[in-house]
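To start, the structure itself, in structure tokens.
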Amino acid sequence: MKLKQITFALAALVATTFFSSCSSDSSDNTTPTVPELKTEVNLSTSATLGSYLSDKTGRSLYFFATDANGQTSCTGGCEALWPAFLVDNLTADKLGAGLTLSDFATITNTSGKKQLTYKGWPLYYYAPVSGGDGYGGAGTNTIEAPGKTAGDGFGGVWFIAKPDYSIMIVRSQLVGHDGKNYKSDYTVGDGQTTYFTDAKGLTLYTFKNDNFQKNNFTKADFSNNAVWPIYETDKIVVPSVLDKSKFSVITVFGKSQLVYNGWPLYYFGQDAGVRGANKGISFPSPAVWPVPVKDSPLAI
């Protein structure tokens, strides 16, 4: 009897081990889920992009270059591809490490929906179309999975929302201090120009009389700095579509000034810290102080 009992016990143990092993093998094939964090907005990290903003599930957030004035310009069909991001009643305890509540605000977009902004930039998800049948059958817009950053650089105007940009790209109408609209060639007319601002959407300028990495405007005592303040920073964090090696930093009477393609970068005092204002493009006359653009020629 004892021998039979031992035999049955061994058989039961083998069966239990077999079924447990099958169950474990099956679970290995399931797609892991990303746990939701208690904080609503966080900083994720990419080997190529560095730190960037994401939601509580790790889904990436983006800026739009045509939102330079701080209001959303993504309307109509754009809203399906780039859904607005919102956290109601955002508080400091809903922010991940490295983020500050004062950098966030809430706006109402043109569709009447509320949208969260960061440093004045409206925040979006990227939701590409998926599930089409390949024969013209419509797919659906699905927000990209956590950890994905495929929206960065899209169309040259959509960029991952980083906390530490020193340069941003905007696309906007140029409007001089004379109230006239200007095209990219600085002739009067309508048309958007794609150019550089700082992280908060404040327009940057170059001076046609400067030389390669040489500021020929600013006086040693900075007595004229209020007219054309230097862009004072030693940080070089730029959108992925730009060549970082074209940026450098020079020292101007003890202060650091950012340079692009040899051209020192400035603000215009009469823009008065207004996001998207670009009055300096016609002061004292058009093209004396042009905005920096990706294809700005090398200074000499």
Side-chain angles (χ1 to χ4, degrees), residues 62-76 78 82 105 107-111 115 117-122 124 155-159 165-210 215 217-218 224-233 238-239 241-242 257-261 263-297 299:
Y62 295 90
F63 296 149
F64 188 24
T66 62
D67 290 348
N69 65 358
Q71 295 298 315
T72 178
S73 53
C74 179
T75 60
C78 175
W82 300 95
I107 60 172
T108 300
N109 64 25
T110 54
S111 296
Q115 186 168 358
T117 67
Y118 178 72
K119 293 184 178 179
W121 295 95
Y124 303 83
V157 290
W158 289 94
F159 305 104
Y165 281 120
S166 54
I167 290 289
M168 267 301 294
I169 294 176
V170 306
R171 180 175 291 175
S172 182
Q173 174 69 55
L174 299 178
V175 183
H177 81 294
D178 53 9
K180 296 179 181 178
N181 286 359
Y182 285 86
K183 296 184 288 187
S184 299
D185 61 1
Y186 300 98
T187 59
V188 174
D190 298 334
Q192 292 189 323
T193 297
T194 302
Y195 60 94
F196 301 167
T197 71
D198 71 0
K200 295 185 177 181
L202 302 181
T203 300
L204 299 172
Y205 300 84
T206 59
F207 181 37
K208 75 171 188 177
N209 293 330
D210 279 346
N215 176 333
F217 174 80
T218 305
N224 62 348
N225 195 54
V227 184
W228 293 98
I230 67 171
Y231 181 24
E232 189 179 348
T233 184
V238 304
V241 299
L242 297 179
Q257 184 174 15
L258 193 63
V259 171
Y260 179 67
N261 225 15
W263 295 103
L265 301 178
Y266 305 78
Y267 295 106
F268 181 45
Q270 290 188 35
D271 284 344
V274 176
R275 293 179 60 94
N278 43 51
K279 295 179 179 180
I281 54 96
S282 67
F283 184 88
S285 59
V288 174
W289 291 85
V291 289
V293 299
K294 183 178 181 180
D295 297 326
S296 291

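All residue numbers in this chain count up from 1 along the given sequence.
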### Query
So which of T206, N215, L204 actually passes side chain to side chain contact (heavy atoms under 4.5 Å, CB included) with Y266?
N215
Can you find a pair of side-chain heavy atoms, one from [X] and one from [Y], that are under 4.5 Å apart?
X    : Y    : answer
F159 : Y165 : yes
I169 : L242 : yes
Y118 : F63  : yes
Y182 : S282 : yes
Q192 : S172 : no
F64  : T72  : no

Show me, pair by pair, the donor-acceptor contacts under 3.5 angstrom made by side chains of residues 285-297, not counting sequence neighbours?
{"unit_1": "K294", "atom_1": "NZ", "unit_2": "V241", "atom_2": "O", "d": "3.2"}
{"unit_1": "S296", "atom_1": "OG", "unit_2": "V293", "atom_2": "N", "d": "2.9"}
{"unit_1": "S296", "atom_1": "OG", "unit_2": "V293", "atom_2": "O", "d": "2.9"}

### L265 backbone acceptor or donor facing Q257 side chain under 3.5 Å
yes
Any residue meeting side chain to side chain donor-acceptor pair (under 3.5 Å) with [X], in chain and number order, not counting sequence neighbours:
X    : value
D67  : S73, Y124
R171 : T194
D198 : Y267

### Task
For A277, enumerate each residue passing the side-chain contact (heavy atoms from CB on, under 4.5 Å) test, keeping only those at least two apart in sequence or located in another chain.
D271, V274
### Query
Of all residues at least two apart in sequence or in a different chain, which pass the side-chain contact (heavy atoms from CB on, under 4.5 Å) check with N181?
Q173, V175, D190
### Query
Taking atom types as modelled and ignoring hydrogens, do the side chains of Y195 and N278 form a donor-acceptor contact shorter than 3.5 angstrom?
yes
### Query
How many angstroms lie between atom OG1 of T193 and atom CG of L174, to the nearest 0.5 angstrom?
3.5 Å
### Query
From T203 OG1 over to R275 CZ, what is the distance, rounded to the nearest 0.5 angstrom?
10.0 Å
### Task
Quickly, which of F283, F217, Y260, W228 forms a ring pair (Phe, Tyr, Trp, His ring centres under 6.0 Å) with Y205? Name it, please.
W228
### Message
A quick test of your reading: do over 12 heavy atoms of other residues, nucleotides or ligands sit less than 6.0 Å from NZ of K279?
### Response
no
### Minimum heavy-atom distance I107-P122, with the two atoms named
CD1-CG, 3.9 Å
